[in-house]
Amino acid sequence: MGLYLGLDSSTQSLSAMIIDTASGRVVLDQSVNFGKNLPQYRAPSGFLPDENPQLKHADPLMWVDALDLLLGQLKASGTDFSTVEGISGAGQQHGSVYLAQRLSDVPAWDPSRDLSSQIRPLLSRATSPIWMDSSTSVECREIAEAVGGDARVVTLSGSRAIERFTGPQIRAFYKRSPDAYANTREIHLVSSFLASLLIGGSAPIDHGDGAGMNLLELATGTWSRELVAATAPGLGEKLPPAVASRTQVGEISDYFVKKYGFKSGTPVVAFTGDNPSSLVGMGATEPGTAVVSMGTSDTVFAAMRQPHTDPRGFGHVFGNPAGGFMCLICFANGSLAREKVAEKTGLSWEAFERAILEETQPGNQGNLLLPFFIPEMTPKLLAPKVELFGSERFVAWQEPAALARAIVEAQALSMQRHSDWIGEQPKLIRVTGGASKNRGIRQVLADVFGAEIRALSVGNSSALGGALRAAEAVGKVPFASLYEAFAATDAASNVSPKSGATANYSELRQKLTERLVALGA
Ligand code: XUL
């Protein structure tokens, strides 16, 4: 029993959460926002603006500075890190960091200097492609062709070759900057990079996040020779080992002991991707509970005993940090699309909720909005596509309440369609992320899926997942008892499907399917 720290480096912020397994309480939950707190990196939404909408990169030093900033703020406000018994965490998935030296070969971090000035000279690539990048369609095709087609990539890695996945991104780097690629000794994911900073060495990549690279062989949990060879020459020597998620990857380095007061020898457990970490934070590592996470991206995910892949090619299979597998479907048009509709209709968040709950009905009288305000990965649309179908006033953007309902219904119907390959329709869905706090959005999910919706009392399920994983691996506290204490649902937020509502969606579902098929999606 003790205190465990979970970190989460997501698209827009770095969060820290400390849990106390003796009292069953979260004792600390704090974040720094990259855009607001580190404006010198000129990344208001966590990535560097670029003329090309397909290119989405971030400065990895921003993530390093965020770590020093957050730990410094916490120490200054009285956090005693010497009581922490173990650390784990998560990073936004797929993003990669390129180093000219192996981190295990460099001298220990000097606590009299900040960390970013010690990392800067080690980078072989100044920026990191992140999950929002969609610039690698050519490389995806080349990788698939080299191994004998899409089906082979899916069998090996659990997903088709996907633009944002790390393998195609590495291949694009090798082709566009061959010298810098040749000068690269080690490639990390955001998650393993964060863990490497903490241990002052090269941390392995875990099976949860590693499966989002198109390089890991799902069946064996090792790097696939075929995919590695198809991606870029010499890549095998540049990848850290792949390990099970509960592996202790090292001890906290002296830099953090001297600077922030951690106890020498504090174990660090492999970091994982933010979605696999949320699977743990949501208490959903056993099959049977689906999770809908509504943040910058919307994701639908669930634990799976045996890997089983999406015939349409949009879904993925990743390692489940508690053992076995998980499936995931990711939608780029999450918060941003909802915000765009709120902005265009002039509705506040409260009015948006009222519009859904009080002013409109399930099925929206046939009004339909195609919700792709930015390029989408599920279905694959490389250019934005927003279209309205329905009453004259609706298509002229003059029905604010119907438009609020329309964006949420289209997102929920698209989630339902694209998660149908997982198996039986879920009867119980756990929700997380900012938008899930909106009761109107929870009601639409309940009505479309015909499922009971539950939200957790603790927010930030990915940072919580990090703390829980540390408690399980270091403190040997079983997940089942951790879930009882920390993954309890908040009864006041429960939502059930309205009677008869689910049936109202058959027409809208049909209309959306026709549109998607017409778009080749
Ligand atoms: C999942 C994905 C996103 C990021 C967001 O495949 O790309 O959900 O992990 O941080």
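Excluded from the calculations below are hydrogen atoms, water molecules and symmetry mates; all remaining heavy atoms, backbone and side chain alike, are included. Counting starts at 1 for both ligands and their atoms, in listed order.
At most 12 non-hydrogen atoms from other residues, nucleotides or ligands lie less than 6.0 angstrom from OH of Tyr174. Annotation for Arg176: atom CZ counts as buried by contact number, over 12 foreign heavy atoms lying within 6.0 Å. In the displayed structure, Glu424 atom CD is contacted under 6.0 Å by at most 12 heavy atoms of other residues, nucleotides or ligands.
The proximity of His94 to ligand 1, defined as any non-hydrogen pair under 4.0 Å, is limited to the side chain. Only side-chain heavy atoms of Asn275 come within less than 4.0 Å of ligand 1; its backbone N, CA, C and O stay farther off.
Residue-ligand proximity: Cys330 is placed with a non-hydrogen atom under 4.0 Å from ligand 1.
In this structure, the side chain of Thr231 engages the main chain of Leu227 through a donor-acceptor pair within 3.5 Å. A donor-acceptor pair under 3.5 Å is formed between the side chain of Arg442 and the backbone N or O of Lys437.
In terms of polar-atom proximity, defined here as any N/O pair under 3.5 Å, Asp274 does make such a contact with ligand 1. For ligand 1, the polar-atom distance check finds an N/O of Arg164 within less than 3.5 Å of one of the ligand's N/O atoms.
The distance from ligand 1 to the heavy atoms of Thr11 drops below 4.0 Å at these ligand atoms: 10 (O). Close approach of ligand 1 to Leu328 (heavy-atom distance below 4.0 Å) involves ligand atoms 1 (C), 6 (O). Those atoms of ligand 1 that come under 4.0 Å of a heavy atom in Gln93, given as number and element, are 1 (C), 4 (C), 9 (O). Atoms of ligand 1 found under 4.0 Å from any heavy atom of Thr299 (numbered from 1 in listed order, with element): 8 (O). Within the listing of ligand 1, atoms 10 (O) sit less than 4.0 angstrom from a heavy atom of Gln92.
Taking the six-membered ring where tryptophan is involved, the planes of His188 and Phe193 are tilted, since the angle between them lies from 30° to 60°. In this pair, Phe165 and His316 present their aromatic rings tilted. The plane angle is within the 30 to 60° band.
With respect to atom 3 (C) of ligand 1, the closest heavy atom belonging to the protein is Ser297 OG, 3.7 Å.
Of the residues Asp8, Thr432, Asp274, the one that meets the side-chain hydrogen bond (donor to acceptor under 3.5 Å, both in side chains) test with Ser461 is Thr432.
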